[in-house]
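In this text the structure is predicted, and so the values were computed from the model without any measurement. A, B, ... follow the sequence lines: proteins, then strands. Residue 1 opens every chain.
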2 protein chains.
Amino acid sequence: MALGDAILACLTEHPMTGYELAKTFDSSIGFFWKTDHQQIYRELSRLRDRGYIQGREVVQTGKPNKLVYTLTPEGRAAFRSWAARPSTPASVKDDLLVRLYALGAADIAPIRADLMARLEHHRDRAERYDRILKKHYADGSVAPADMGKLLNLRLGLRHERMVAEWCEEAITALSAISNSGSVRPLDPPSRETAG
Amino acid sequence: MALGDAILACLTEHPMTGYELAKTFDSSIGFFWKTDHQQIYRELSRLRDRGYIQGREVVQTGKPNKLVYTLTPEGRAAFRSWAARPSTPASVKDDLLVRLYALGAADIAPIRADLMARLEHHRDRAERYDRILKKHYADGSVAPADMGKLLNLRLGLRHERMVAEWCEEAITALSAISNSGSVRPLDPPSRETAG
DNA sequence: GACGCATATGCGTCAATGTGCATATGGGGT
DNA sequence: ACCCCATATGCACATTGACGCATATGCGTC
């Protein structure tokens, strides 16, 4: 029930609607836990049935009414006890690395194109994290409750930078294969590959 | 059907039994795609039904007979066409980061313990990758077909090192919170945290 | 006026995954 | 004798996930 716990984690901050949760999962917390709004609404019903959250309808004009969900004491306790349990090791699932694993039985060109798309993606992410870090955590003091978010951001930033760098190398390496049959050991990244 | 494709990727190298595949998924390819033997056997049946692989029973004495699966031409083509499609962005799901996200509503001690376990895990992994790199890819020439595995290893090594370093920082930061109420901005990692 | 977009909530279906359990045998430790 | 481990295969059930679709309204734009 990890999605449920991720939702509870969001609601520890302040009450939210499913729509707001969906937006949160599309930005901050979504960087390490992906879902869509359908799954969120489904999970919200379940959490409500278990008494972990409470819905309160807010009438709106011009927009559909919304359901603001608040954490109950039981919900807060449930999150706390979940958080105290050892975490399950992060699951990694990356299509692209599977393709690279069997590179000998695949076509190079589409994989190289894939890598170039990834490079852009990771660069964007890195910039985004950097901006958030500079804006919200401008290297002063950090409230203890926000320390985790800061740590997450730092991990994210380093991860994106590292992967982007790797993408550059990988693109160079694949170009070497498709251009000539023979392959030199990897050169340091040339920094001009994607221009 | 991504697990199926990962299995096909393994079988492009040489025929294998479900048991051998399970071991492979527990080591090399499992570093970026996790499963267990149950899922592998189930997927093997499906791949066989679709004609992508062919099973051949090998009678053994003292052990249960085994089923060696070979890629059919159709299977090889299926893998190739899958590999040519753009990859779906890697899904990230990490419990620990969810816990950190809502650190203010959780107990610090078990999370710090978790981080210490992770630190050890990532250090082990880094060492393991390093050993494989030095053993199999001792910086000479690389066959084009093996380039992908080399790239994967390099990514893995950097990833493990980076995360291990981050774990050290995170442990230091959490100790600062639980020891005193106030929190300084993160110090550069001390490199002496873990003995 | 038709169309897309943002707001806001949800259902239904099928594929993929995770978890527990079952079965069969031989070898090594206690 | 008993138990655990390695070898080797697999079923059944439950949860999660992906994807399409539905509904309702107001605003801007073509």
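Listed by chain and residue number, nothing satisfies the side chain to side chain donor-acceptor pair (under 3.5 Å) test with B:Arg56 (two or more places apart in sequence, or in another chain). Applying the salt bridge (charged side-chain N to carboxylate O under 4.0 Å, His left out) rule to B:Glu13 yields the partners B:Lys149; only residues at least two apart in sequence or on another chain are considered. A:Asp130 pairs by the side chain to side chain donor-acceptor pair (under 3.5 Å) definition with A:Lys134, not counting sequence neighbours. For A:Arg125, the side chain to side chain donor-acceptor pair (under 3.5 Å) test picks out no residue, with sequence neighbours left out. Taking the side chain to side chain donor-acceptor pair (under 3.5 Å) definition, one finds that A:Asn152 meets it with nothing, sequence neighbours left out.
In this pair, A:His37 and A:Tyr41 present their aromatic rings perpendicular. The plane angle is above 60°, beyond the 30 to 60° band.
Proximity of residues 13-29 of chain B to DNA chain D (heavy atom under 4.0 angstrom from any strand atom) is restricted to B:Thr17, B:Gly18, B:Tyr19. For the segment residues 34-41 of chain B, residues with any heavy atom less than 4.0 angstrom from an atom of DNA chain C are, sorted by number, B:Asp36, B:Gln38, B:Gln39.
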Under-3.5 Å N/O pairs linking protein and nucleotides 24-29 of chain C:
none

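Contact annotation: the side chain of B:Asp114 never approaches that of B:Pro110 to less than 4.5 Å [non-hydrogen atoms, C-beta and beyond].
Note: CD (A:Gln60) to P (D:dG26) measures 12 Å, nearest angstrom. The separation between A:Leu67 atom CG and C:dT7 atom C1' is 14 Å, rounded to whole Å. To the nearest angstrom, P of D:dT15 lies 17 Å from NZ of B:Lys93. As rounded to whole Å, 18 Å separates atom P of C:dT9 from atom CZ of A:Arg46. Counting to the nearest Å, the P atom of D:dT9 and the CD1 atom of B:Ile53 are 12 Å from each other. If you measure from atom CG of B:Leu47 to atom C1' of D:dG10, you get 16 Å, rounded to the nearest angstrom. Taking atom CG of residue A:Asn65 and atom C1' of nucleotide C:dT7, one finds them 12 Å apart after rounding to whole Å. Put simply, CG on A:Asp5 is 15 Å from P on D:dT15, counting in whole angstrom units.
Contacts of B:Trp33 with the nucleic acid, taken as non-hydrogen atoms under 4.0 Å apart, involve only primed sugar atoms and P, OP1 or OP2.
Counting distance only, with no hydrogens placed and no angle test, the side-chain atoms of B:Arg42 and the base atoms of C:dT17 include a donor-acceptor pair under 3.5 Å.
A:Val59 belongs to no multi-residue hydrophobic cluster, having no ILVMFWY side-chain contact under 4.5 Å with any other such residue.
Checking C:dT17 for Watson-Crick or G-U wobble geometry (two distances, each under 3.5 Å) identifies D:dA14 as its partner.
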N/O donor-acceptor pairs under 3.5 Å from side chains in residues 21-29 of chain B, not counting sequence neighbours:
| from | atom 1 | to | atom 2 | distance (Å) |
| --- | --- | --- | --- | --- |
| B:Thr24 | OG1 | B:Glu20 | O | 2.9 |
| B:Ser27 | OG | B:Lys23 | O | 3.1 |
| B:Ser27 | OG | B:Thr24 | O | 3.4 |
| B:Ser28 | OG | A:Tyr101 | OH | 3.3 |

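Sorted by first and then second residue, the salt bridge (Lys or Arg N to Asp or Glu O under 4.0 Å) pairs involving residues 78-91 of chain B (not counting sequence neighbours) are A:Asp107-B:Arg80. Residue pairs meeting the ring-ring contact (aromatic ring centres under 6.0 Å, His included) criterion with at least one partner in residues 102-130 of chain A, sequence neighbours excluded, are A:Phe31-A:Tyr129.
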